[in-house]
Structure formats: structure tokens, C-alpha cells
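Presented below is the structure to which this report refers.
Chain identifiers are assigned alphabetically (A, B, ...) following the order of the sequence lines, protein sequences preceding nucleic acid strands; residue numbering begins at 1 within each chain. Side chains included, hydrogens not; waters and symmetry mates left out as well; all remaining heavy atoms used.
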Amino acid sequence: MTIRFVLLVNKQGQTRLAQYYEYLTIEERRALEGEIVRKCLARPDNQCSFVEHRNYKVIYRRYASLFFLVGVDGEENELAILEFIHCVVETMDRYFGNVCELDIMFHLEKAHFMLEEMVMNGCVVETNKQNILHPIQLMDKTT
Amino acid sequence: MASAMMESLFQRTLDDLVKGLRLQMVGESRYLAKALEEVRKEMKSTDPIIKVTALQKLTYLQMACGADMSWASFCAVEVMTMTRFSHKKVGYLAASQSFHEGTDVLVLTTNLLKKDLGSKNEYETSLAIECLSRILNADLAAALTPEVFTLMASSRSYIRKKATLVLLRVFVKYPDAIRVAFKRLVEKMDDADPQVVCAAVSVLCELTLKEPRAYLPLAPEFYRLLDKSSNNWLSIKLVKIFGALTPLEPRLGRKIAGPLCDLMRKVHAKSLLFECIRTVTLGLRDHTGAVKLCVEKLRENMDLGDPNLKYLGLKALAALMDSHPWALAESKEVIIKCLNDGDISIQRRALVLIMGMVSESNVVETVQVLLRYAQSADASFCNELLSSILQTCGRARYEIVSDFGWYVTVLSDIACIPHSEHGGEVGRQLMDVAIRVESVRTDVVRACCGLLADPALLGRPALQGALCAAAWIVGEHITRAPHGPYEVLEALLQPRTRLLHFSVHAVYLQTVLKVFVSYAISYQHRYFAKKEVLEQEEVVTQRGSLHAAVELIKENITPLMNSVDMEVQERACNVLGQLQPFEDPNDIHRVQDGFEMLTALSEVFSLDLGPVSVHAQGRVPLPENLLIENNLDALGPVCGSDDVLLNTGEAKTSTSYREWEAEFNFQPPSKENLSGVDPSSAALLQQHRHRYENFYLPSDAPVVDYPPAQLTLSAATTASTSHGPTDSSVFNENSLVWTKPRQAKARRPAVVALDDEDDLPGISTPVSKKGLKDELVFEAIRDALSADRNKGHSAADGLETPQGTSSSRKSGHGHRSTKNRDATNPRVDEIQIHAGDGVGQEADSQTPNVVHREHRRSRHHRPSKLEIHVINDGLSSENESEGTFKLSEKAHKKKHKHRSSHPRSRRPGKSPVSNSQNSGSIPDFLL
């Protein structure tokens, strides 16, 4: 289990997408999200993208009004996770065309689907945008 | 019917819900409650579409607003069983978001998942696999492992990849599966599809990080993959695996050092570069060339100014801190600059490094720099700085501190820094230094007087620990106070002392008594020495005179007689009682009486309290006729007393100690022992000790052996112990023993050391418990393996049969290494066969590494694009799917066989482990 969770949060700190790869109760999730979001969003842009919180390392990146936060365990490669975040954003960009908060709010299940294609069991499985989007595009065609 | 149509017509869709949520700036909770109520109603509907939409909405609400959806788990299962893919998907999403191992409806999903895993539609299969990776528990795993195993051999790489990854969770939840599937997992490293290879390596990487030793025999496979890998994701995983393996096998380090260095020189992707550096810092510390290259690369990257690289650079340097201090020394300026970075992550890392570099020679400068930073830093980082100063300097009995006068000023500075919250620790160390280092006591008392006099400090609750200690120290050594006792009295009685916590205030009051006693006695000496008359009123009533002191104390302490705290009230009464004889300076007789009493008290107070070992009590030999367990009533008189021994530098201490011991050993006190001791002073001493219980080192759980305590032997003690030869005979060598102080360095004052004080705070003893635990796990594995060896042979054979070509090729390779040994040792052969069957890890030992490396370099990727190349292959494996059926049967049989053994111990069943215990298991690769 390397990636523990992926969070998408807007500038106001509201969670827009949350994907956990280990089970936490709702209360634990809310508490964790609250703490992490408060910590990360308070940091200016010129600071590094890594924050240590409890036993997690949180790697985050800001794209316009959206923050992508990924919690990993201690041994994970931080820069690779940054690449991963970038890959997520590029994939969403390709699908939604310049992705914004609303796209994710209104197509949450698709965003989930993309993430599921990319990460499984906390490991990155797929980073090729074409491959990630292929099943979703197929689904769009059939419906 | 019509109503159902109406319902579906007027049901709010997810989009409506989201829109509604966005409009709710205030009163979101009301909207949420309403939406949940709606969902609850809709769930009861018979119309599947309404149900699906309701579940979709609920899933959204759970994630966005934290609504509870555990009540809807049955509905989720219902939706999962629907035939339409788009509906099914909603159900699966809900399940993977809300189910956990303990969810009760999981038992209902077994057949459903089995069906979906076997579905013709690969996306349905993938949905089921993904869901499995979240919700799998032991029961599901036991039921579904055969399906997963079959899917690993699927002709579609999309499925193979996912099935391989889900194996990680299967192994964790259901270790029996390792026996069945591990071999196939290892085979997946040779898969034609690079994504499947990547997935297999990811799983192995996770497993390896958990228990590296078991996977050592796979090293040649990993090496081969690394050699030809052109994918940075894959390379990172492989390099990470080597980071875990190399510390265990030095020969592997030698082998991998060259290629890693090449990789570091060539690679453009920072992520891979830092992974290489991490591996070097973990496992290749002895390879100077590699370490030098690392340091060079780190400095290059840290100079780029990117905060991320700076952070990672500091982290990597921290890993080199212990083994290669020169690496840190070279980058010292950069590190110190990072303290001022403004980024807490970087500051923290830099702090760790700086504390790691501190030594006796640079501690003064370093602490000065840190204190300067602490004054300007924000509260939380300031406290981190201060606590690391305290921790580092206090480590191992202040081993790096040679100038204690300086250190005492540092301690009082730390207390005075505005954000400081370390009063407790400062107090502890002040007291510790005052007690242990005699030569510096005057400095400590001066610093403490400074702390007591500052009215600002009284208002800060976090500092009360320091003030409490300061008050006690000043009271004990009042004769050393720089400006005399009157100033101290004024400090102790200033009005803001009412802000103190009761327990601290009580200590203040006792100190007032001690200071007053000392003051009065010195006053008496002064005037009697001069043969002057006491009742000279003009002298007595002057400021600074005895009368003024009495008035000052009376004025400030009288209100405390009504304190709500019992301790404060009692002590206040005590103090005032002692003052009574001096109230009227004209009543010479009473004053004389008072002086007599104070003289007795001063004798008690002037005893030096030495440090006491935590386990001192345990060293007292148990009298033979003492029946602790049988006669609990006898404990009555002692229960109120503390169980800490008192030690003073005076000769009569040991006598009074004996008296104390005699009294509490439940024997009739023998008058002979008490002869020569003033009983009243002994009682006072006892009372005093009782009062100041909290200033004695705490007595802890008893220890098995009791090495002798060490205490400084001052001149006074040497003289006094000599006239009590009988005393020493009371204690055997296991009891309290006075010994010489530690041989001090020329410029460092003696620090009194007590033995067995490792468990005191501030003295760190790094014990790697984790290592110990791993050791145990590994032992367990080895035991399990040796047990397996007998029956495992047949099991391995069984595994082998259905596997056609690939496994026979592997086992062929596996045998090769043992052939030489066959003649001499037939048992070794047996072990090796087992290993070969399991994995065939030596398969590619002959790979021409150099050629591959060249190949890899030429195909190297751009740094930021970590893409996986997809090779669409039409690989099908009929053989394997045919064999799977038999295997799954085997799995079931074996499950019963192994149920009784420990789950963790089963992992090695996959058998690369089986010969990992002798490191000669990878000879082809290493030699």
C-alpha cells in the first residue's frame, strides 16, 4: 500500500473527490481531510509540495482553483507522486477539455473511474492517457 | 404503476442534487438532511432506476459531505446485481467507497463477484477486480482466489494487469493463496505486456518492503528487469526493491553499485535519481564512489533553488548523517540557510540535520544560532527548535556539554523566550544540573534567581515547571544567592505569585521558609559576632532587617491561610507559625526561643540532597523475618510515606537512613541503632523528605539486578564516612554504595552519574524493536519452512504438473546451481529442488548485462513524461488456464492442511524464501 488516499479539494477546502485505499470510518476521514486541507492550503506556492502529517506524507499540487492531495506512506517516492498527480490532471484535461471544479462535481463517477484505472491497491498501474480513457470513451459511446 | 412513473419523473437526479448543494451557502446541513431523507425514501422504491439514482446520490453525499451510508449497503449489493453495466458500475462504486472487511452483506456478494469475475465483458471483470481490491476479506479471498488465479492468465492484458495487482491484497488477507499464486506472480515479471510486468513488480515491491529477506533470491530477476527497463515507473520500483535488499546482502551491493552510478549519471528524471540516491544511502554506504556521486548530485540539485528538491536533498543527507558526517559538513551552509526558509517542512528537515551534526566542539555556536532563530520563528517551530536543543544537550548525561555555566544560561534563556513551552523540561534539567554538577551550582542559583525575579514569567502557565524547580534550587542553596536572601524573599512573595498553580505555590512557600531560616540565622550570627544587642530597634526595623523580612512574609502569606488548596494553606500556616516568635522584637525571650528553633531547622535544611538512583529502594536487602505478603495490616504506617530513599552528603544520613529503614521494616525500632542521632532532627528530615517527594527521582518498577549507585564523593563526605565504619557493614555490595565520581575531563566539571538511569527521560537509548520483531517473523518463517520441507515437496510437485513449458524451463535453471553439489550433499539437492519449483529465480543469471544497459540508455526517456509503452500482444496461454482448475482444487485441499499454522508463516510457502536462509542461494548472480 503506497498511495493511501487521493483528495481533490477546492480553494475553500471543500472536498470534491476522495478516494481512500485503506478503510477509514467517515469520522476519521473527515478529521483527516480537515487537518490536511488546513495544513496544505495555508502554504504559499513557493514552499515545497510535501507535508508530513501523522504517519502520512502528503504530496500536493495546485492547479488553478483545485488542489490535488495524495497521501502516501513513508517509503514512497515523492517526485514520482508529483508526476502521478500531473498525469491525473492531464488525463482529466484530455477528457473534459480544460478540467475545472464543476466538471468533477458533475461527473464524479467518471473521475472515479479514471482514478480506478490509474491506481489499484494503492499502486500506480496505468499512466497512459489513451489506455485510461479507453473504457470511459467506450461507455460514453454505448449510452 | 402510475405512481412509480410519477416518482421517477420527479426524482431529483444527481445533477440536481449537486446544483442544489452549490446554491446552499448557508444551511447546508438542513439541505443535506432533506436530501438524505429523500434518498432513504427512494431506496425503498421498486423501480431499479430510482434506486440506482438514489444510491448514486448517496455515494456523492458520503464523499462530499461525509454522510453515513452504511445503512444502504444492502441496496448497494442489489444495484451491483443489476445487469446493465451503467447500473452495475454505480453499485460497485458505492461498495468500494463504503464497504469494509466487516460489512455484513459481504457474504452475499461472493457469488455475484464470482460471476462478474468470469464475465465475458472485460470491463465488468475489471469492475469486480477493482471492487475486490477494496473489500476483500479472508472469506472472500478463500472463495475467489481460483478466479483471480485464472484471470492472471487471461488473454487480455487489461485483465492480467489488474488481476496481478489485486494479488497484493489477496496475499495480505489470505496467505494460503501465496502457495498457489506466487509462482504465477513471478512469471508475470516475464510477461510480454510491460504493464503486466510493472504490476507484478509493484506487488513484489510492496511485499519486499514488508519483508526483504524473503525475496532475496529473486534479486537476479529484478536485476535483469532493471537492466533492460526503459520505463521510469518500473525502474523506480526496482531501485526501491534493491534499496530494501542490499542492506541484507553486501555482495548484491557490490554488483548493483556500478549500474546504479551509471543510472544516476545518465538519468534525467529527478524521481528516479532520488530513488537511486535513497537506495545508495540505505544499502551502499560502504561504496565510497557511489556515496560521493550522491552527495555531488544532491548538492547540484539543492542549488537549483527548487523547494521540493531542497526538501528531498535534506532528507537524503539525513540518511547519510550517521555514516558519512563529512557529507553534511560539506553542505553545512546550505543546511543552516534552510532553517530560515519559512517552509516548515524544510525547516524541520534542516533542524534534524543540524542536531545530528552537533558535537562537543561546536555545540556552543550551534545552540547560539538556533536560539537566535528561535526568537524570530513562529511558535510551533520555535518550540521544536527549543525541544531539540534540550534533547540534544541533555542526551547521555549532557555528554556534549563541557561548559555548564554556559548551559545554565542557555536553559534560562530558553525559559525566557516568548513562545517557549518547555518549562517542565527546563526545570528538570536545571535541577538535574544543580544536583549532578556541584561546581556549577552558584551559576544555577544565579540563573534561578533571575527566573524567580522576573514577574513576566509568572503569567505563563507553560513555565511553571521551570519556576517550581528554580524555587526549589534557590531554597536548597540559598547561601549562594548572588544578592542575598532578602531579594529572593521579595521575588518569591511578589503579588503575581498568586497566578501560580497550587502545587508550585506550595513549593514557593516552603522555599520562603528555607530562605527565612537562612536569613534569620545569618542575621543572628552577624549581630552576635559583633556582640551587639539584639533589641536595638533602629537596626531591627530597618529595611532588609529581620523585622522587615518578617513583616514582608506576614503581609503576603497571611491571605494564603484561606487558600482553597490544602497544601498551600498548611504550608502558609507553618511558615507563619515559625514567624510568631519574631513578631515582637522587644520580647527577647521569645526571639531567643525562635532562634533556637530556627537553628534546629537550619541544620535540617543545610543538608545537601544528592541524586538518588531510580532503583535505590530495590537495593535495600529484605530482612529475613519480613512477611510482606502475609501481613498487609503492617503496611498501614508506611502507606502514607514515600518510598524514595534519601541520601545526603552527611555522615549521619546513613545512620538516619538506617533508622528510617529500621522503622519501616516493621521491626521494633532498636534503640541502639538510634543512639547518637537526634530523634527530632531525624523526624524533621523525614518530614522534609516527605514534603519534597516530587523532587526526588521517581521510584519505578523494580529491576532484577541492582548495580551500585554512584555518587560524588565530596571532601565533606570523605571525612564523614570515615567515622562510621559500622555503617558500611550494614550494606552489602548490592546496596547503596558510595563511589568515586566519574573521571572528569580536564575542562569539563564532574557530572554525577547514577547507574541504571537509562529509563530516565532525556537519555535516549536507541533500541530497534522493529528489527527484533522482524527477526522473530523471519525465524517463524524458517521454522515453518523446515516443517514444510517434508510435505512441501509433494505440494510443489503438484503445483508443477499443470504448468507446462515455462516452469520446466525454470526448474531446469534452478537445478543448475546445485548440480555441482549433488555428489557431496544430497539434502541440499532436495532443498534446491523445492526452491526451483517455486520460482526459478536463477533463470537469467547469464543475461549479458552490459549489452542491456547500453540498450536502455539509448532508449532513455524525457524526464517528466513517465509513460508506459503499450505493446498489444495476442499472447494467449491455453496451457495455464487448463491447469488452473486443478490448481484451484489443490488450493482448497491445502487450505485445510495449513489452517492451523500461523498465517504470517505461510508466506514463505512460495518458496523463494526456502533457501534464502543460506545466503549462498544466489550464487550464479553474485559470483
So which of [options] has the largest heavy-atom pair count under 4.5 angstrom toward chain B?
options	answer
A/Ile59, A/Thr142, A/Leu102	A/Leu102
A/Asn77, A/Ile26, A/Leu138	A/Asn77
A/Glu109, A/Gln130, A/Arg16, A/Arg43	A/Arg43

For [X], is it the side chain, the backbone, both or neither that has a heavy atom under 4.5 Å from a heavy atom of chain B?
X	result
A/Met139	side chain
A/Phe113	side chain
A/Lys57	side chain

Checking [X] against chain A: side chain, backbone, both or neither under 4.5 Å from a heavy atom?
X	result
B/Ile129	both
B/Val90	neither
B/Ser70	neither
B/Ser98	backbone
B/Ala244	neither
B/Gln56	side chain
B/Lys315	side chain
B/Ile344	both

Q | Most chain A-contacting option - heavy-atom pairs closer than 4.5 Å, from B/Ile346, B/Leu312, B/Asp68 | A |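 Greatest number of close heavy-atom pairs with chain A: B/Leu312.
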
Given B/Asp306, B/Asp15, B/Leu93, the one with more heavy-atom pairs under 4.5 angstrom with chain A than any other is B/Asp15

Judged by modelled atom types alone, do [X] and [Y] share a side-chain donor-acceptor pair under 3.5 Å?
X	Y	result
B/Thr13	B/Asp16	yes
A/Tyr95	A/Asp140	yes
A/His86	A/Glu90	yes
A/Ser49	B/Asn308	yes
B/Tyr158	A/Glu117	yes

Given the options B/Thr208, B/Thr279, B/Leu209, B/Lys240 meets side-chain contact (heavy atoms from CB on, under 4.5 Å) only with B/Leu209

**Prompt:** In terms of the angle between their ring planes, are A/Tyr56 and A/Phe5 parallel, tilted or perpendicular, with boundaries placed at 30° and 60°?
**Reply:**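 Geometry flag for A/Phe5 against A/Tyr56: perpendicular rings.
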
Item to complete: Check the angle between the aromatic planes of B/Tyr123 and B/Phe85 and answer parallel, tilted or perpendicular using the 30° and 60° thresholds.
Response: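 B/Tyr123 vs B/Phe85 ring planes: perpendicular.
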
With the side chain counted from C-beta on, respond yes when A/Glu78 and B/Phe274 share a heavy-atom pair under 4.5 Å apart, and no when they do not. no

(Q) Can a donor-acceptor pair be found, under 3.5 Å and without considering hydrogens, that links the side chain of B/Arg134 to the backbone of B/Gln97? (A)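 Flag not set: sc B/Arg134 to bb B/Gln97 has no pair under 3.5 Å.
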
